[in-house]
Student: 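First the structure, which I've put down as structure tokens, then a few questions once you've had a look.
In what follows, chains carry the letters A, B, and so on, assigned in the order in which the sequence lines appear, proteins first and then strands, with residues in each chain numbered from 1. This is a predicted model, so every value here is computed, not measured.
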Protein chains: 4
Amino acid sequence: MTTEQRVRQAALELFAARGFHGTGIRDLAVSAGLSSATLYHYMGTKEDLLVAIMRESLTRLNRAAARIAETEDAQDRLAKLVALHVMTHAVQQLETRVVDNEMRALSPQPRKEILKLRDEYEAFWQQAIENGCAQRRFHTNAPGVARLALLEMCGGISRWYSPDGPLSLDDIVLHYIDMALGMLHAQPEPGQRVVNEVAGLIAEIWPQ
Amino acid sequence: MTTEQRVRQAALELFAARGFHGTGIRDLAVSAGLSSATLYHYMGTKEDLLVAIMRESLTRLNRAAARIAETEDAQDRLAKLVALHVMTHAVQQLETRVVDNEMRALSPQPRKEILKLRDEYEAFWQQAIENGCAQRRFHTNAPGVARLALLEMCGGISRWYSPDGPLSLDDIVLHYIDMALGMLHAQPEPGQRVVNEVAGLIAEIWPQ
Amino acid sequence: MTTEQRVRQAALELFAARGFHGTGIRDLAVSAGLSSATLYHYMGTKEDLLVAIMRESLTRLNRAAARIAETEDAQDRLAKLVALHVMTHAVQQLETRVVDNEMRALSPQPRKEILKLRDEYEAFWQQAIENGCAQRRFHTNAPGVARLALLEMCGGISRWYSPDGPLSLDDIVLHYIDMALGMLHAQPEPGQRVVNEVAGLIAEIWPQ
Amino acid sequence: MTTEQRVRQAALELFAARGFHGTGIRDLAVSAGLSSATLYHYMGTKEDLLVAIMRESLTRLNRAAARIAETEDAQDRLAKLVALHVMTHAVQQLETRVVDNEMRALSPQPRKEILKLRDEYEAFWQQAIENGCAQRRFHTNAPGVARLALLEMCGGISRWYSPDGPLSLDDIVLHYIDMALGMLHAQPEPGQRVVNEVAGLIAEIWPQ
DNA sequence: CATGAATGAGTCTTCATTCAT
DNA sequence: GATGAATGAAGACTCATTCAT
């Protein structure tokens with residue numbers, strides 16, 4: 001692991017655990033094993049670090065979502081988005097927590113950029129839901145509310161998931177798919193196939 | 001409004017908007033219309049302010065949840081919890097955002113107290129779900145996961161609800177009840193009655 | 001002397017002696033007898049301090065020059081400007097050194113303001129010179145060059161004048177008037193009357 | 001241009017524009033097109049750079065002044081000094097600005113050396129003035145004041161001269177000679193001959 | 001010859017808090 | 001009750017300089 005990566009990792013852990021404003025430059029330095037002056041060889045400002053983390057996380061998410069958007073079957077498509085969201089929020093827990101909680105710490109310009117990425121991502125969900133409604137596979141009077149509810153529900157896992165828990169991640173994802181389809185009054189869906197497929201996609205986009 | 005309430009209100013707004021660490025004592029003073037020295041006549045430390053906000057919010061929530069826990073019918077009970085959670089997160093938006101986001105800013109001792117209150121509240125949900133499963137009104141293999149998913153889903157509204165939006169709060173709550181019951185594969189439920197009842201309860205516990 | 005004035009005085013002395021960039025906040029604090037945190041009760045930023053010093057000095061200078069501009073006789077008028085410039089640069093040595101040397105330390109916005117004040121002042125000189133040329137009392141082919149040369153010559157005194165020197169300030173001023181008129185090939189001028197008059201004006205505008 | 005010269009040039013430009021304390025090592029590195037570590041192959045400390053610039057400028061000036069000091073005719077001699085001072089301050093603008101403004105940035109030891117050089121230079125002026133007074137070609141009661149005034153007046157050109165201005169440098173120098181002789185109540189002097197002579201001298205001492 | 005890495009001391013400024021008045 | 005004054009510690013960040021490679 002390069003020093004730059006160690007700095008990034010330290011930022012990731014601390015921003016996730018204490019928040020951007022709760023993390024001092026010295027905390028970062030200690031956590032990366034550097035003096036606080038040396039830190040500045042490997043980063044721009046503290047905010048740059050935050051932006052980089054968010055940008056990368058959202059960019060990858062969007063790349064995956066774009067691939068999923070090609071799925072024809074409406075139920076499959078939503079199930080895949082659920083699997084993607086749940087699995088990344090479980091496994092990329094730190095990144096997603098930072099993305100979800102620290103937006104307000106951004107100054108106007110980077111905030112604009114990051115918000116755009118997030119809106120892009122949410123658009124994939126909105127389209128998937130509306131598409132399913134149009135095909136009469138989903139039933140809801142308020143697709144916008146459903147989108148928000150789904151995203152919150154599926155993203156929440158980043159706050160509690162642990163690989164040491166009693167349920168396997170696959171099982172959890174299957175539950176979430178089940179709940180999500182239930183929320184939209186769609187037909188239940190076996191799901192394991194979807195999970196496998198998305199797991200492959202994730203492995204491709206978040207290598208190693 | 002007493003000066004103390006003004007201070008509390010200022011803290012509420014700023015902690016919700018910028019986070020605990022993102023809010024300075026001077027910001028509070030300006031927002032409350034006081035000098036920062038005077039502020040200390042009406043509060044203890046900055047953290048005390050945070051604890052007080054969280055404690056009050058969770059205590060009231062628990063009081064309401066305890067009343068709802070008396071409801072016999074399992075579907076009614078869950079629907080009421082959903083209504084309570086959604087409505088408070090919509091209307092007491094600032095308080096709930098602070099409770100949900102700033103826990104990590106607490107130092108160990110107060111954190112323990114607040115976590116206990118939150119666990120208490122979550123227990124009402126866990127019991128309601130398990131009770132419904134036992135009565136075969138809900139169907140899920142992972143009630144714990146369902147609880148977490150439900151809470152995240154219903155609480156997320158604090159991040160986007162505005163009274164000026166296109167949907168009335170009642171409508172939104174009905175949607176959430178519908179989605180929640182769908183998630184648990186329960187029978188759909190008309191719901192408006194439940195909404196009215198919980199609205200009354202809320203009016204009683206959060207007076208005015 | 002109020003604390004605020006002590007801070008101002010410290011800034012004046014240090015900026016004059018070491019320059020803006022050569023003066024640290026700690027130097028200011030030590031010199032004012034305060035901790036560097038306390039310093040910030042009495043000032044904005046370090047630059048604010050610089051701007052305030054410059055603004056006041058130039059504003060007063062302009063007020064005095066405006067009064068002198070009413071003088072009808074061309075030679076009198078120029079002699080008075082010389083007396084004003086020399087005397088202030090001798091007695092308000094620190095202020096004028098700061099004004100003359102630290103302009104480049106200003107950031108764009110305040111620089112604009114201060115430059116405007118300085119241009120205003122130089123305009124009084126330009127008019128006085130051109131007026132004398134028009135009346136055929138002064139003889140020069142390049143009034144602009146003369147203005148610049150006069151200002152530099154008369155302002156340079158701030159770099160070496162000391163009240164303990166062998167010549168009285170009045171004598172020095174008389175010499176300067178003599179040299180200035182010589183430069184412009186004007187009739188020599190007794191001058192003491194002018195010096196007295198300007199001394200009165202200065203006492204009025206820089207009270208005490 | 002060797003790398004060392006590029007470093008020197010960068011220092012010259014930056015010290016002149018922003019002052020010694022306003023110029024960082026990194027600024028120098030960027031301006032010289034080197035990394036800040038490489039910079040140290042071509043220089044000692046930042047202060048060494050400043051001293052070298054000052055020393056060279058003053059040494060050359062003294063060499064030229066020494067040659068001029070051989071001039072017999074008092075008026076010629078002063079006119080040549082004026083021409084030398086004005087022309088170098090116009091053409092070697094950056095060097096002379098640094099010499100005139102950054103003396104205070106020197107630490108005691110180098111300051112002593114540089115001050116000695118400057119005093120040496122001023123002595124040529126003092127002698128020229130006193131010589132002219134003794135010969136009754138100049139008339140002033142305070143030759144010391146006249147020297148200071150002359151030097152400030154003639155040196156000020158470094159703050160505003162540009163080869164793109166409306167007047168040729170020769171014309172400006174002629175004006176300055178005229179003003180200088182006027183200040184000393186000497187006979188006017190045609191001057192162009194003097195200018196040409198000094199221009200030759202300068203070309204010899206500041207080659208290229 | 002060149003530089004990435006490193007740093008202790010420094011930069012200006014703000015922090016939460018106390019206290020005498 | 002209210003506040004101006006005060007501060008040690010900390011905030012993010014830059015400084016001039018060294019050195020191993």
Student: Ion pair present between Glu95(A) and Arg60(A), side-chain N to carboxylate O less than 4.0 angstrom?
Tutor: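 No, this pair does not count.
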Student: Can you give me the N/O atom pairs linking the protein to nucleotides 15-19 of chain F at distances under 3.5 Å, or say none if there are none?
Tutor:
{"residue": "dC15(F)", "atom": "OP2", "partner": "Arg26(D)", "partner atom": "NH1", "Å": "3.4"}
{"residue": "dA16(F)", "atom": "OP1", "partner": "Thr23(D)", "partner atom": "O", "Å": "3.4"}
{"residue": "dA16(F)", "atom": "OP1", "partner": "Lys46(D)", "partner atom": "NZ", "Å": "3.1"}
{"residue": "dA16(F)", "atom": "OP2", "partner": "Ile25(D)", "partner atom": "N", "Å": "2.8"}
{"residue": "dT17(F)", "atom": "OP2", "partner": "Tyr40(D)", "partner atom": "OH", "Å": "2.9"}
{"residue": "dT17(F)", "atom": "OP2", "partner": "Lys46(D)", "partner atom": "N", "Å": "3.2"}
{"residue": "dT17(F)", "atom": "O5'", "partner": "Tyr40(D)", "partner atom": "OH", "Å": "3.4"}

Student: Does either side chain, that of Glu13(B) or that of Gln9(B), offer a donor lying less than 3.5 Å from an acceptor on the other one?
Tutor: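 Gln9(B) and Glu13(B) do have a side-chain donor-acceptor pair below 3.5 Å.
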Student: Apply side-chain contact (heavy atoms from CB on, under 4.5 Å) to Glu102(B) and list each qualifying residue two or more places apart in sequence or on a separate chain.
Tutor: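 Partners of Glu102(B) under the side-chain contact (heavy atoms from CB on, under 4.5 Å) test: Arg104(A), Phe20(B), Leu50(B), Met54(B), Val98(B), Ala105(B).
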Student: Take N1-N3 plus N6-O4 or O6-N4 for Watson-Crick, N1-O2 plus O6-N3 for G-U, both under 3.5 Å. Which runs of 3 or more such pairs involve DNA chain F?
Tutor: E:2-21 with F:2-21
Student: Phosphate oxygens OP1/OP2 of dG4(F): is one of them under 4.0 Å from a side-chain N or O of Tyr42(C)?
Tutor: no
Student: Can you measure Leu39(D) atom CG to dC1(E) atom C1' for me and round it to whole angstrom units?
Tutor: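 From Leu39(D) CG to dC1(E) C1': 14 Å.
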Student: When you compare the side chains of Glu113(B) and Gln109(B), does any donor N or O come within less than 3.5 Å of an acceptor on the partner?
Tutor: no
Student: Which of residues 2-16 of chain A have a heavy atom under 4.0 Å from DNA chain F?
Tutor: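 Contacting residues: none.
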Student: Pick the nucleotide of DNA chain F nearest each of Leu34(C) and Gly33(B); which residue has the one closer to the 5' end?
Tutor: Gly33(B)
Student: Will you find, in the side chains of Ser57(A) and Gln92(A), an N or O donor that is under 3.5 Å from an N or O acceptor?
Tutor: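 No, no side-chain donor-acceptor contact under 3.5 Å.
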Student: Heavy-atom contacts under 4.0 Å between residues 48-56 of chain D and DNA chain E, which residues?
Tutor: none
Student: Not counting sequence neighbours, which residues clear side-chain contact (heavy atoms from CB on, under 4.5 Å) with Arg6(A)? List them please.
Tutor: Met1(A), Thr3(A), Leu34(A)
